[in-house]
Protein chains: 2
Amino acid sequence: MTHVSTVTGHTGCDDAGCQHRVCRSISGPKPLKRHKVLRRGDRLELEHGSCRKVWILLNGMTAMCVGLADGRRQILGLDVPGGIICGMSTGQHSGAWIEAFCDTVLCELELQVAAQFQADNAAPSDGMEVIANLFSVIHQRLERYSSHLVTLGRLDSTERVTLFLLDMAIRLGRPCGQAVFVELPMTREDIADYLGLNTETISRIFTRLKKSKLVQFPSRSSFSIPEPERLERRLPLPVPHHMSLDQLETFLSTLHGHAASFDGVRQ
Amino acid sequence: MTHVSTVTGHTGCDDAGCQHRVCRSISGPKPLKRHKVLRRGDRLELEHGSCRKVWILLNGMTAMCVGLADGRRQILGLDVPGGIICGMSTGQHSGAWIEAFCDTVLCELELQVAAQFQADNAAPSDGMEVIANLFSVIHQRLERYSSHLVTLGRLDSTERVTLFLLDMAIRLGRPCGQAVFVELPMTREDIADYLGLNTETISRIFTRLKKSKLVQFPSRSSFSIPEPERLERRLPLPVPHHMSLDQLETFLSTLHGHAASFDGVRQ
DNA sequence: CGGATTATTGAGCCAATTCAACATCGGTGG
DNA sequence: CCACCGATGTTGAATTGGCTCAATAATCCG
């Protein structure tokens with residue numbers, strides 16, 4: 001179940017994920033970066049030491065997970081396509097891993113290599129931009145974790161689920177007029193582990209929301225919200241709306257420069 | 001109750017806090033930085049926009065807090081002397097603030113000024129070190145928030161309190177042989193808001209721990225743990241032990257350079 | 001000392017969990 | 001194509017951990 005297949009080059013680039021400008025900008029015509037393909041349940045163990053690698057999520061959905069000694073699992077955060085994932089440099093073994101909810105394509109970048117490159121290169125300010133962007137990645141994650149701490153510490157189960165659905169609508173949803181439709185590859189257990197609840201509770205609250213017509217569930221792995229504002233009014237705080245695209249742009253621009261230079265070196 | 005007194009210069013430098021090498025290294029003989037003195041309950045509202053300022057906690061204890069519409073409060077993280085606090089650049093109004101648990105002295109640093117300085121200066125790599133260090137500050141906070149997410153999401157009340165006491169022992173404790181003595185300026189309500197519980201629950205668990213002789217409470221605002229290992233064995237995860245001193249050193253060294261240069265400019 | 005704040009303790013309640021039974025879905029092979 | 005099976009989801013009943021409300025005690029501070 002923990003089988004991780006690694007594919008180099010442009011494998012999987014026919015599908016929509018790889019048409020992503022992030023992928024194209026970074027890997028260019030001659031693929032430099034390595035693509036990792038994960039399937040549902042596959043894990044990427046984070047080596048403790050330093051955060052040497054960064055992954056750009058091209059397709060699919062992943063979670064940052066932590067496990068306890070007795071098997072309990074807590075999901076710290078979720079990532080959707082466009083997200084930039086970075087391990088943490090805990091001295092201790094944190095027991096954290098990245099897990100895929102469905103077929104997922106990641107673009108792996110070695111920061112060590114980038115750092116090495118910038119050290120050899122003449123322009124130091126450009127090289128530091130990598131750190132500056134890494135900063136913004138970590139910073140965004142900190143914002144997300146901050147609001148999730150409030151969710152876990154002070155919201156009841158209904159509020160948690162409501163906030164979760166609205167957040168997913170913002171991050172994954174396809175607007176259909178006023179309504180939003182969301183394809184969500186998480187199981188009830190995944191959702192429970194993210195919200196600090198259990199599967200049955202998630203199921204019960206979904207049923208209640210369905211009956212009150214606030215949310216529709218056309219299938220197991222999708223839902224739609226007819227009137228997002230009405231749902232949001234039930235919350236004691238605004239739904240956090242974190243930037244993501246600009247941040248991506250910035251990160252991209254830096255790395256693009258590197259990738260291009262790398263290509264030059266190799267030729 | 002939300003009265004914040006601001007003192008410039010070396011006010012309060014007679015007490016132990018300001019003998020701290022951080023303070024001396026940064027402010028030097030001619031005080032450049034501004035000291036902020038907070039009292040119990042005082043707040044530092046974080047302006048939304050960007051994280052322009054950084055505070056070094058010289059003395060006392062503070063919390064990063066978030067409030068909900070109906071008055072519920074969640075404490076995201078705690079800071080003890082030596083800690084480096086930084087606001088977050090949320091576009092949205094996050095409703096976060098920094099609050100002091102007792103008389104507290106902070107050293108406020110304007111990052112804008114530092115950035116300006118580095119822009120005017122010839123050595124760009126040196127300037128970027130500020131960002132690199134700010135990165136490590138944010139990164140450490142991310143680690144703390146990560147483990148606290150697990151605490152709030154998957155630990156029961158007894159485990160939360162146990163972990164909290166051990167964490168405080170590591171960060172604030174004075175070892176007395178095998179035992180650890182801790183002076184803790186937090187009320188039961190503060191602890192509850194940090195652990196996602198309520199005051200009565202905290203009180204009840206303290207009573208239970210006292211009866212089982214795992215923890216002693218010589219006064220309202222202090223406790224001691226005779227055998228930390230025994231207490232730790234009751235937890236389903238190791239107590240996170242985050243670095244803090246080295247990180248401080250690094251941050252210091254960068255800023256020291258700046259402070260010195262500033263002094264030169266002023267003369 | 002007196003008054004306000006903070007902490008403790010008890011009784012009752014409710015939200016969320018546990019345990020168990022059953023339903024639905026998706027995939028596989030006959 | 002259907003039957004079957006395992007995985008996932010739903011629903012109900014009983015339990016319990018933590019909360020609310022209320023009364024009392026301890027502590028702090030002017």
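Chain letters run A, B, ... following the sequence lines, proteins first, then strands; residues in each count from 1.
Distance from the side chain of A:Thr207 is smallest for D:dT10 among the nucleotides D:dG9, D:dA26, D:dT10. With D:dT20, C:dA16, D:dT10 as the choices, the nucleotide that has an atom nearest any side-chain atom of B:Glu200 turns out to be D:dT20. Counting only heavy atoms from C-beta on, B:Leu197 has its side chain closest to D:dC19 among D:dC19, D:dT10, C:dT17. Nearest to the side-chain atoms of B:Ser203 among the listed nucleotides D:dT8, C:dA16, C:dA7 stands C:dA7. Of the candidates D:dA13, D:dG9, C:dT9, the closest approach to any side-chain atom of A:Arg204 belongs to D:dA13. Across C:dA16, D:dG18, D:dT8, the shortest atom-to-atom separation from the side chain of A:Thr201 is found for C:dA16. Across C:dA16, C:dT6, D:dT8, the shortest atom-to-atom separation from the side chain of A:Thr187 is found for D:dT8.
The distance from atom CG of B:Leu195 to atom C1' of D:dG17 is 16 Å, rounded to the nearest whole Å. Between A:Arg188 atom CZ and D:dG9 atom P there is a gap of 5 Å when expressed in whole angstrom units. Rounded to whole Å, the distance from CD1 on A:Ile202 to P on D:dT8 is 16 Å. Remark: C1' of C:dT24 and NZ of A:Lys210 are 11 Å apart, rounded to the nearest angstrom. The separation between A:Phe206 atom CZ and D:dG9 atom P is 10 Å, rounded to whole Å. Between B:Glu159 atom CD and D:dG17 atom C1' the separation is 12 Å, expressed in whole Å. Between the P atom of C:dT6 and the CG atom of B:Asp193 lies a distance of 13 Å, rounded to the nearest Å. One interatomic measurement links the two molecules: CG of A:Asn198 to P of C:dA16, which rounds to 10 Å at whole-angstrom precision.
The shortest non-hydrogen separation linking B:Ala96 to B:Val66 is CB-CG2, 4.2 Å. The nearest pair of heavy atoms linking B:Arg73 to B:Trp97 is CD-CZ2, 4.1 Å.
Classification of A:Asp190 and A:Arg40 as a salt-bridged pair holds, one side-chain N sitting under 4.0 Å from a carboxylate O. The existence of a salt bridge linking B:Asp79 and B:Arg141 is confirmed by a sub-4.0 Å separation between a basic side-chain nitrogen and an acidic carboxylate oxygen.
Residues A:Gly196 and A:Ser219 both approach DNA chain C. Their nearest nucleotides, taken by heavy-atom distance, put A:Gly196 toward the 5′ side.
Between B:His148 and B:Tyr194, the distance from one ring center to the other falls under 6.0 angstrom.
You'll find a donor-acceptor pair under 3.5 Å spanning the side chain of B:Arg220 and the base of C:dT6, going by distance alone.
The shortest distance between the side-chain N/O atoms of A:Thr199 and the OP1/OP2 oxygens of D:dG9 is not below 4.0 Å.
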